[in-house]
2 protein chains.
Amino acid sequence: MKKMKREKLEAAGWAVGSVKEFLGLSEADTVLIEMKLALSRSLRDRRKKYGLSQVQLAERLHSSQSRVAKMEAGDPSVSMDLLVSSLLLLGASSADLADAIRGREKKTGPRAA
Amino acid sequence: MKKMKREKLEAAGWAVGSVKEFLGLSEADTVLIEMKLALSRSLRDRRKKYGLSQVQLAERLHSSQSRVAKMEAGDPSVSMDLLVSSLLLLGASSADLADAIRGREKKTGPRAA
DNA sequence: TGACTATATGTCTTATCTGACATATAGTTC
DNA sequence: GAACTATATGTCAGATAAGACATATAGTCA
């Protein structure tokens, strides 16, 4: 397993605080978390691309601003189903999701910071 | 929206029984269901590839045979998180998942019926 | 500084998902 | 047809995620 991911995961609020807990994370757990983080980033990018605030997106999703914030923050309480269906409602295609999951952030134009 | 998917979805137990309900399914709903069905097929393929029974896979996943059956059947009670983490535990990579989601069933060798 | 907008965090209640169990339905082999 | 193995289906208690609300923390502009 690749090391030095701990801080990144901790930053997103995942329970990987202690070294022991970190070592307890299986490869599968790690990959799953990374996939969700990739989808989170993708959601934020897409929201900004359409110039929506979190509140506006929440309305579209029939959800709340706090949940949108958690989605984008990669909060552990957010499921992959929610991330994916939100992305789909923002017009993402299966191919877009596949790209995100694969770890290939699509660099769309000058915005791609 | 592409038509003539109803029977396929009904077969998997999704609540798309009436025409009205079917029309009520948004494009996003449909795509999400299709993605999950693709992951289901992928899970079954992978299990068989390793020559495991549903019971044996359930043990690996710390789950039950019935849940494995539901995962493979594309049952609506199965989340994408569960499908994905199961696939990861069976050795799938992000790229494998991306391929499945994109709708590209990997034809691995002669088995690929 | 105060007002305003956007985003983040904490915590509730309710809804949905999970694993487990029982049971049903093939498919084999004897 | 009985016995056996594999898979499917129905149900339920307990676990997890959902939306909602309050509140906190930027950031901007007057």
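Proteins come first, then strands; the chains are lettered A, B, ... in the order of their sequence lines, and each starts at number 1.
Taking atom CZ on A:Arg41 and atom C1' on C:dT7, their separation rounds to 19 Å, with Å as the unit. Between the P atom of C:dT14 and the NE2 atom of A:His62 lies a distance of 22 Å, rounded to the nearest Å. A straight line from CG of B:Leu57 to P of C:dT18 spans 14 Å, rounded to a whole angstrom. The CZ atom of A:Arg44 sits 4 Å away from the P atom of C:dA8 (whole-angstrom rounding).
Under 4.0 angstrom from either OP1 or OP2 of C:dT18 there lies at least one side-chain N or O belonging to B:Ser79. Under 4.0 angstrom from either OP1 or OP2 of C:dG19 there lies at least one side-chain N or O belonging to B:Ser63. For A:Arg67, no side-chain nitrogen or oxygen approaches OP1 or OP2 of C:dT11 to under 4.0 Å. Here A:Gln65 does not reach the OP1 or OP2 of C:dA6: none of its side-chain N or O atoms lies under 4.0 Å away. Between D:dT7 and B:Arg47, a contact under 4.0 Å exists linking OP1 or OP2 to a side-chain N or O.
Map A:Ser77 and A:Ser66 each onto its nearest nucleotide of DNA chain D; the residue landing nearer the 5' end is A:Ser77.
B:Arg102 has a carboxylate O that lies under 4.0 Å from a charged side-chain N of A:Asp99, or vice versa, which qualifies the two as a salt bridge. A:Arg41 and A:Glu72 are not joined by a salt bridge, as no carboxylate oxygen comes within less than 4.0 angstrom of a charged side-chain nitrogen.
Among the heavy atoms of the strands lying under 4.0 Å from A:Val78 are primed sugar atoms or P, OP1, OP2 only; no base atom is included.
Between the CG atom of B:Leu89 and the CD atom of A:Glu27 there is a distance of 10.5 Å, given to the nearest 0.5 Å.
A:Lys70 contributes a side-chain N or O that forms a donor-acceptor pair with the base of C:dG10 under 3.5 Å.
Under the 3.5 Å distance criterion, with hydrogens and angles disregarded, a donor-acceptor pair is assigned to the side chains of B:Asp96 and B:Ser93.
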